[in-house]
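Below: one structure, written as structure tokens.
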Amino acid sequence: MGNSNSSHKISFQDRAILDMKNQRDKLHQYQKRITVLTDRETAIAKECLAKDDRKRALLALRRKKYQESLLAKTDAQLAQLEQLTSQVEFALVQKDVMFGLQQGTQVLQTIHKEMGGIEGVEKLMGETEEARAYQEEISSMLAGHLSNQDEDEVEDELEALHREVQGPVKLPDAPTAPPEVEEPPEVEPAKQKARAKARAEERTAVPA
């Protein structure tokens with residue numbers, strides 16, 4: 001009886017390790033493929049900013065952030081599962097391992113949907129009705145999958161790209177000569193004006 005249980009535990013552990021290895025290999029494949037997409041999304045964001053289209057630039061960066069977060073989440077999850085399966089008392093963590101593997105499978109399936117190819121990314125710049133509908137769909141989907149921190153990081157990246165697209169701010173040339181200081185106009189008191197007028201009248205007066 002004891003041998004049977006021992007054999008079952010070893011078999012389950014081996015199976016879990018194999019499943020995790022398969023998930024890890026698939027994740028590495030997705031990481032390579034999704035890099036192509038995220039690089040293009042960054043390029044699209046720059047192109048949109050050059051056209052002063054901030055809305056689409058933001059959408060491209062939000063989608064990029066979502067894809068990156070999916071990969072990071074799965075990577076961290078697999079690392080945790082590997083740690084669980086390395087524990088001596090494996091029988092105590094079987095339930096956690098099974099649940100983690102199921103979650104990993106679900107996330108990988110979600111990532112797989114993002115692997116629709118570069119055509120989907122190019123739709124972010126499309127002007128057709130189909131492209132606009134696609135952009136609205138992506139925007140709605142991302143609304144529930146990005147954290148506030150993710151959104152803040154996307155905004156920071158957008159501003160950084162905007163500065164990169166606009167280029168360095170050209171400052172005015174330094175003056176080669178000291179600036180000319182204009183003398184303030186003299187303000188003549190009323191009494192001085194009156195006296196000057198009186199003297200002028202005296203000079204033009206016809207003697208009797």
Side-chain angles (χ1 to χ4, degrees), residues 19-83 96-170:
D19 288 344
M20 282 189 295
K21 182 178 182 301
N22 290 335
Q23 287 191 5
R24 172 70 72 181
D25 291 344
K26 187 168 291 187
L27 178 63
H28 288 324
Q29 294 174 6
Y30 284 154
Q31 285 174 329
K32 293 178 181 179
R33 293 172 59 187
I34 212 167
T35 298
V36 176
L37 301 183
T38 54
D39 286 347
R40 179 55 186 149
E41 284 159 350
T42 301
I44 285 177
K46 290 182 179 180
E47 291 175 25
C48 290
L49 287 173
K51 298 177 181 178
D52 202 24
D53 190 346
R54 184 185 177 91
K55 181 178 180 181
R56 292 192 195 185
L58 184 61
L59 177 59
L61 293 181
R62 291 180 71 218
R63 180 175 178 178
K64 172 189 171 185
K65 187 67 176 179
Y66 170 66
Q67 293 166 340
E68 291 174 341
S69 66
L70 284 176
L71 291 177
K73 179 180 178 181
T74 307
D75 200 18
Q77 191 173 47
L78 288 176
Q80 182 181 17
L81 288 177
E82 288 175 352
Q83 183 179 2
D96 291 337
V97 171
M98 288 298 295
F99 179 71
L101 286 171
Q102 291 173 357
Q103 283 190 318
T105 299
Q106 292 174 357
V107 175
L108 286 172
Q109 289 174 347
T110 303
I111 296 175
H112 180 72
K113 294 179 181 178
E114 291 294 317
M115 299 292 103
I118 203 70
E119 296 83 3
V121 178
E122 296 297 339
K123 284 184 180 180
L124 296 178
M125 292 192 68
E127 298 288 351
T128 65
E129 288 296 328
E130 179 185 0
R132 291 195 184 98
Y134 177 79
Q135 292 161 18
E136 290 295 330
E137 178 184 353
I138 293 298
S139 181
S140 299
M141 182 273 292
L142 292 175
H145 290 87
L146 292 179
S147 65
N148 290 336
Q149 181 179 348
D150 289 336
E151 296 286 6
D152 290 340
E153 291 175 357
V154 169
E155 288 284 353
D156 291 341
E157 184 176 5
L158 181 69
E159 293 303 323
L161 285 179
H162 186 265
R163 290 192 295 270
E164 181 180 339
V165 170
Q166 295 297 318
V169 178
K170 183 175 176 57

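Computed from a predicted structure; not experimentally measured.
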* To do: Look only at the side chain of Glu68 and the backbone of Ile34, and say whether a donor-acceptor pair between them is shorter than 3.5 Å.
  => no
* Structure fact -> CG (Leu59) and SG (Cys48) are apart, to the nearest 0.5 Å, by 8.5 Å
* Structure fact -> Output for pair (Gln135 CD, Glu130 CD), nearest 0.5 Å, gives 10.5 Å
* To do: Measure the CG-CG distance between Asp152 and Leu146 for me, rounded to the nearest 0.5 Å.
  => 11.0 Å
* Structure fact -> Sorted by chain and residue number, the salt bridge (Lys or Arg N to Asp or Glu O under 4.0 Å) partners of Glu155 (sequence neighbours excluded) come out as Arg54
* Determine whether Arg40 and Ile44 make a side-chain contact, defined as any pair of heavy atoms from C-beta on separated by less than 4.5 Å. => yes
* Determine, stepwise, if the pair Arg62 / Ser139 fulfils side chain to side chain contact (heavy atoms under 4.5 Å, CB included). => CA-CA 8 Å; Arg62 291 180 71 218; Ser139 181; 3.8 Å; yes
* Heavy-atom neighbours of Asp25 CG exceed 12 at 6.0 Å -> yes
* Asked: Is it true that a side-chain atom of Asp150 and a backbone atom of Ser147 form a donor plus acceptor pair closer than 3.5 Å?
  -> yes
* Quick one: CG on Leu158 to NE2 on His162, what's the gap to the nearest 0.5 Å? -> 8.0 Å
* **Distance (rounded to the nearest 0.5 Å) between Leu61 CG and Glu153 CD** => 12.0 Å
* To do: For the pair Lys65 and Glu41, find out whether any cationic side-chain nitrogen is under 4.0 Å from an anionic carboxylate oxygen.
  => no
* When you check the gap from the basic side-chain N to the acidic O, do Lys64 and Glu157 get nearer than 4.0 Å? -> yes
* Can you name the residues that form a salt bridge (Lys or Arg N to Asp or Glu O under 4.0 Å) with Glu127, not counting sequence neighbours? -> Arg56, Arg132
* Rounded to the nearest 0.5 Å, what separation is found between the CZ atom of Arg63 and the CG atom of Leu37? -> 7.0 Å
